[in-house]
Amino acid sequence: MEAIGLLVTLEARAGKEADAEAFLKSAQPLALNEKATLKWYAIKIGAGKFGIFDTFANEAGRNAHLTGEIAKALGARANEGLGPTNCSRLPRRSKKWRSLHTHP
């Protein structure tokens, strides 16, 4: 059961937007292989801005994800023009998460 979440916003340097999209598409199979990651969404927010929203049953699952293959790949791309601008650990009753669940 989904109990906690993670919301990460990312920004790509000018000219690196296509690379960022390709990276996020390539990360989906990695997320599917993570047993503790219940749901994983990658979204394009705007020009050069992206987001990842994940859900987990517990803190151990979230920590496993934060030290997993996607996090390692993202860290390796920091010098290539894609990096996180914010990483929020969302508790179950978070207003941010609730608003995501109530809008279709």
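From a predicted model like this one, the values you see are computed outputs, not experimental measurements. Positions are given from 1, in the same order as the sequence printed here.
Residues Gly68 and Glu34 come closest through the heavy atom pair CA-OE2, 4.4 Å. Here the shortest heavy-atom pairing between Ala3 and Ala57 reads CB-O, 3.2 Å. Nearest heavy atoms, Val8 versus Cys87: CG2-SG, 3.8 Å.
The hydrophobic clustering, which links ILVMFWY residues whose side-chain heavy atoms are closer than 4.5 Å, places Leu30 and Leu74 together. Under the 4.5 Å side-chain contact rule for hydrophobic residues, Leu6 and Leu38 do not share a cluster. Each of Ile43 and Phe23 belongs to its own hydrophobic cluster when Ile, Leu, Val, Met, Phe, Trp and Tyr are linked at side-chain heavy-atom distances under 4.5 angstrom.
Without hydrogens or angle criteria, Glu21 side chain to Asp19 main chain gives no donor-acceptor distance under 3.5 Å. Side-chain atoms of Thr37 never come within 3.5 Å of backbone atoms of Ala31 as a donor-acceptor pair (strictly under, hydrogens ignored).
Remark: Leu82 CG to Glu17 CD distance equals 10.5 Å, nearest 0.5 Å. Here the CD-CD1 distance, from Gln28 to Ile70, works out to 9.5 Å after rounding to the nearest 0.5 Å. Separating the CD atom in Glu11 from the CZ atom in Phe50 is a distance of 10.0 Å, to the nearest 0.5 Å. Between the CE atom in Met1 and the OG1 atom in Thr55 there is a gap of 11.0 Å [rounded to 0.5 Å].
The side-chain heavy atoms of Arg89 and Glu59, taken from C-beta on, include a pair separated by under 4.5 Å. Looking at heavy atoms from C-beta onward, His65 lies in side-chain contact with Trp40 at the 4.5 angstrom threshold.
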